[in-house]
Every structure is written in C-alpha cells, then in structure tokens.
Amino acid sequence: MADRVRVKTMMPPGHVRTPTYLRGKEGVIERTLGRFKNPEQLAYGLPADEKPLYRVRFTMGEVWGDQAECPTDTLDAEIYAHWLERL
Amino acid sequence: MGGTPAGPVCQDDHDFALWEKRVDALMVLCGNTGLFTVDGLRRALEDMGEEAFETMSYYERWIAAINQNLLESGTYSIEELGARMEEVARRGPTYGEAQDG
Amino acid sequence: MPHDHLSPSGHPYRKDDDHPLTYWQTMEIAVRELLVEKGVLTPAQITAQIETMDARSPANGAAVVARAWVDPDFKARLLQDASAASREMGFDIGPLHLIAVENTKEIHNLIVCTLCSCYPRNLLGLPPDWYKTRAYRSRAVREPRKVLEEFGLSLSKETQIRVHDSTADMRYIVLPARPDGTDNLSEADLAALVTRDSMIGTGLPKQP
C-alpha cells in the first residue's frame, strides 16, 4: 500500500464504516492497524472476511476546501483497504 | 452525520436509568454470545432513519435495534414478543411495577 | 416492588420507576425476559454486566494519564499500545483496541465518532450525552475550533488540531499535556487533575 491514498467515491446503500464526507478525499496512511472482520458483512449476520484496516490522515483543507476552519488542521479516520485506492 | 450543519452542542448530561443500563448490558452480552454484532446494531439503527433520531432517545433506539437483530436471528418470534409485551404492560402502569415477571 | 434508586453496585440512577411505562421500556422488559427464558442469558449475567459498566469511570483513564506523566517508560508503552498499558495497570477493558494520542504545546487532539457513538467505554465508562448528539458528531470534524470554544477552550492558530473520527475498530483517548507547576504532586494528586473532557479533547486538565 502506497503512503498516499484516495477514498473511493462509491455510494452503495447499506451499512458501511466509511464516512460520506471523506469519499473521494486524499490522505496519507498514518499507521496500519492489522486485519479486522468486514463490518459490511457483520452488519447482516454474514460470515465476515478479514480486511486490512488503515488510519488515514487528511488535512482539513483537503476535506472541506475553502470552507475549512484551519486548512492545516488534520483529521484521522480508520478506513478499510477495500475503500482505498493507491496514488 | 460528519460535516452537516448543526447548532450548538448541548452539554447537559444525565445519570442513566436502570432500564437504560439494562439495554446497554443486553447489547454487550448478546454481542458476546455471537447472536449479532455491534455492526448489526448500527445497521439497524441506521435503517430506522432520521425520524427515529429526532423522536426516540438513545436507548430507545438501541432496544429497537437489538430487537430487530434478535428477530432476524430467530431468537424469538414476533408473536412471542407481542404476547410478552402485552403481558408486561398489564402488570402495572410504571416501570417499577412491570419490570419483573 | 423495591423502589430505591441505587443499582446493585450503589451508583445512583435516574428516578424512572414512578413514571408511566413507555412502549420501549415494555420492549426492554419483554426482550430481557425472552432472552432469559430461551437460555441465552441469565439474570445474574445481566446484573454483573451492569455492575462492570458502573465500575468503569473517567477515574480509570485519569489513573492511566497520571502514570504516563510520572513514568516515561510507561508513557512510551501507552503511546505504543494503550490497550496493553491499561491492562498493565489492572483495568479490565475487555476486547477494547485503544490508541492514546498525545497533546503537546503544538498539537491538540479531539475525539469524535461521526457514524455512531464509539467511545473508550471499557476504560472511561459510558459516554456523556453531548458526545452522542447530532451537533457534536456533525461539527467536531468540520469546525473543531468553534466546538472547542463552546467548551471554553480557545486554541491559537499555532496549535494544530488533530481530530480523530472513530470510524471502525479503534477507540481513542487523549493523553493531555501535564499542567505546569505540578512537579511536586504525587501520582494520585495528578490523577485528580485529569477530567473526562480532557481525555476526549474538549477540555484541559485542571490546574493544581
């Protein structure tokens, strides 16, 4: 996994743990967290695959653009590998 | 919810009622048994929609979501739940009177 | 019916016994009884779980923070693996995956869960009501400085804010900066300065 990543823009219905406000935003991997069961399967009582989970750091400028309160402040979120594209 | 406009953060707090603590305990214990997961709880909460967020309290939403998952897992039937809720309501007009069968 | 307002562990709870029974309370009673009758849970398990949660409080986190302030090796272990460090101090945090994030003169950390209400509950106990509100969850990621001002915390532009959205399997605790003028305080006295909000990031430790 490259250091820089972009969150996928897809908008499927159903239970996902990728916040809408981060879709399509670019960040850097802050740390790797290991593999965790996929919540998109757990949510429906299904046997779940283990997916790599990353902590991704975004700048507020990237997330909110001109609307950012302070563009150099940052936001960290945990994102599963299948929601990330390498840059 | 992240990023949508909203008003000031109300900093009021409350001690939890016994029934709320019981709902919390049921969620943790059902999770431990493998009947459903916290993601199942969250999915049911999300499927309840925006209106539920405005009209129901936190643990009201939780017991509704727990029940949804238990019905889906076949732990009990809708008929069993409905009959039991009627019986509970007949025990008395307050939680204190109805809480123990 | 017993009508005292103490749970088995002695913690007070809201006086709700005398209010009219609600639909959702009726459902709680029915679901609980069905789970017991079906052999899924026992009443003793439910009581024990309530007592376990009642025993968890911000004081546990405060003890961890104070230890980190006085013991650099412990602090290093806390920042490396906060779950292991909490267990090392004897706290039963169950399966909690905890990450500690450190406040410094340059960096202020703030914890939120925009998707639901994820919180380091197995260390700090149940979250405050405001943590679960739409307002906090919506705004903490977008205008954290304004939110912090509402909590009485005004940060200069030189301080970088790091917001942590607890979106998945990790939970977060802020390791606040040790207040100045506390060199002579004991670990227990230091722990008394550590507030719940200072471990969420919406506050700072008390001054001695």
Side-chain angles (χ1 to χ4, degrees), chain B residues 1-26 28-30 33 35 38 41-42 45-46 53-54 56-61 63-64 66-67 70 75-76 80-82 84-85 87-89 91-101, chain C residues 1-3 5 7 11-35 37-38 40-41 45-50 52-54 94 112 114-117 121 126 128-130 132-142 147 150-151 165 202:
Chain B
M1 214 166 264
T4 51
V9 179
C10 172
Q11 293 175 36
D12 293 348
D13 209 358
H14 82 284
D15 288 333
F16 293 102
L18 177 58
W19 85 273
E20 295 177 302
K21 293 185 179 193
R22 282 173 164 160
V23 172
D24 198 272
L26 292 183
V28 173
L29 294 170
C30 285
T33 65
L35 274 179
V38 69
L41 179 88
R42 292 165 175 158
L45 290 170
E46 290 168 1
F53 198 90
E54 300 299 338
M56 294 165 67
S57 74
Y58 186 77
Y59 282 110
E60 287 176 346
R61 281 178 272 131
I63 190 60
I66 290 168
N67 177 58
L70 290 172
T75 305
Y76 50 73
E80 286 175 298
L81 176 73
R84 180 57 56 96
M85 285 181 68
E87 186 206 310
V88 169
R91 291 177 192 162
T94 67
Y95 186 80
E97 289 161 294
Q99 64 177 324
D100 295 307
Chain C
M1 284 291 151
H3 263 241
H5 296 296
S7 64
H11 286 244
Y13 54 82
R14 196 168 54 175
K15 296 177 183 180
D16 61 330
D17 279 11
D18 302 329
H19 293 188
L21 184 69
T22 68
Y23 180 83
W24 302 108
Q25 288 174 337
T26 308
M27 182 179 284
E28 178 273 310
I29 296 166
V31 168
R32 174 161 46 86
E33 291 180 359
L34 288 169
L35 285 169
E37 282 172 23
K38 302 281 181 183
V40 176
L41 303 177
Q45 278 180 304
I46 298 166
T47 302
Q49 174 59 29
I50 291 173
T52 298
M53 275 316 296
D54 277 346
V112 63
T114 61
L115 296 175
C116 43
S117 54
R121 58 185 355 243
L126 297 173
D129 287 345
W130 57 258
K132 303 182 285 191
T133 60
R134 173 188 300 278
Y136 184 73
R137 292 165 53 195
S138 300
R139 295 176 55 218
V141 292
R142 179 148 195 166
V147 171
E150 288 174 27
F151 279 85
D165 191 354
T202 51

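Residue numbers begin at 1 in each chain, while the letters A, B, ... track the order of the sequences.
- For C/M27, the parts sitting under 4.5 Å from any heavy atom of chain B are the backbone and the side chain alike.
- Rounding to the nearest 0.5 Å gives a distance of 5.0 Å between CG of B/L29 and CD of C/Q49.
- Between B/L70 and C/L35 the shortest side-chain heavy-atom distance falls below 4.5 Å.
- Counted within 6.0 Å of OH on C/Y23, heavy atoms from surrounding residues, nucleotides or ligands total 12 or fewer; the atom is thus considered open.
- Only the side chain of B/L35 comes within contact range of chain C, with heavy atoms under 4.5 Å apart.
- At least one side-chain heavy atom of C/S117 sits less than 4.5 Å from a side-chain heavy atom of B/Y58.
- C/V31 and B/L81 get closest at one heavy-atom pair: CG2-CD1, 4.0 Å.
- Among residues two or more places apart in sequence or in another chain, the side chain to side chain donor-acceptor pair (under 3.5 Å) test is passed with C/T133 by none.
- For chain B, the nearby parts of C/V40 are the backbone and the side chain; heavy atoms of each come within less than 4.5 Å.
- Panel note: side chain C/D129, backbone B/H14; a donor-acceptor pair is recorded below 3.5 Å.
- Of all non-hydrogen atoms in B/A6 and C/R134, the two that sit nearest each other are CB-O, 4.4 Å.
- Residue B/M85 comes nearest to C/A30 through the heavy atom pair CG-CB, 3.6 Å, listed as atom of the first residue, atom of the second, then distance.
- Contact annotation for B/P8: both backbone and side-chain heavy atoms come within less than 4.5 Å of a heavy atom of chain C.
- Considering all non-hydrogen atoms of both residues, B/D100 and C/E33 come closest at C-OE2, 4.0 Å.
- Contact between B/V23 and C/E28 at its shortest, heavy atoms only, is CG2-CG, 3.6 Å.
- With a 4.5 angstrom heavy-atom cutoff, C/I46 touches chain B via backbone and side-chain atoms both.
- The backbone N or O of C/E150 lies less than 3.5 Å from a partner atom in the side chain of B/Q11, making a donor-acceptor pair.
- Looking at B/R22, the atoms closer than 4.5 Å to chain C (heavy atoms on both sides) sit in the backbone and in the side chain alike.
- With sequence neighbours excluded, the residues that form a salt bridge (Lys or Arg N to Asp or Glu O under 4.0 Å) with C/R121 are B/D24.
- C/R142 places no side-chain N or O within donor-acceptor distance of the main-chain N or O of B/G2, the cut-off being under 3.5 Å.
- B/Y95 has its side chain within reach of C/I29: a pair of non-hydrogen atoms, C-beta onward, lies under 4.5 Å apart.
- In this structure, chain B has heavy atoms under 4.5 Å from both the backbone and the side chain of C/K132.
- The distance from the CG atom of C/D54 to the NZ atom of B/K21 is 3.5 Å, given to the nearest 0.5 Å.
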Check: Given the rule in the side-chain contact (heavy atoms from CB on, under 4.5 Å) test, do C/C116 and B/L45 qualify, once you have shown the distances and angles that lead to the verdict?
Finding: CA-CA 9 Å; C/C116 43; B/L45 290 170; 5.7 Å; no
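- The minimum heavy-atom distance between C/L21 and B/A98, with the atom names listed, is CD2-CB, 3.7 Å.
- Of the two parts of B/T33, only the side chain, counted from C-beta on, holds a non-hydrogen atom closer than 4.5 Å to a non-hydrogen atom of chain C.
- Taking the side chain as every heavy atom from C-beta outward, B/E80 and C/K38 approach each other to under 4.5 Å.
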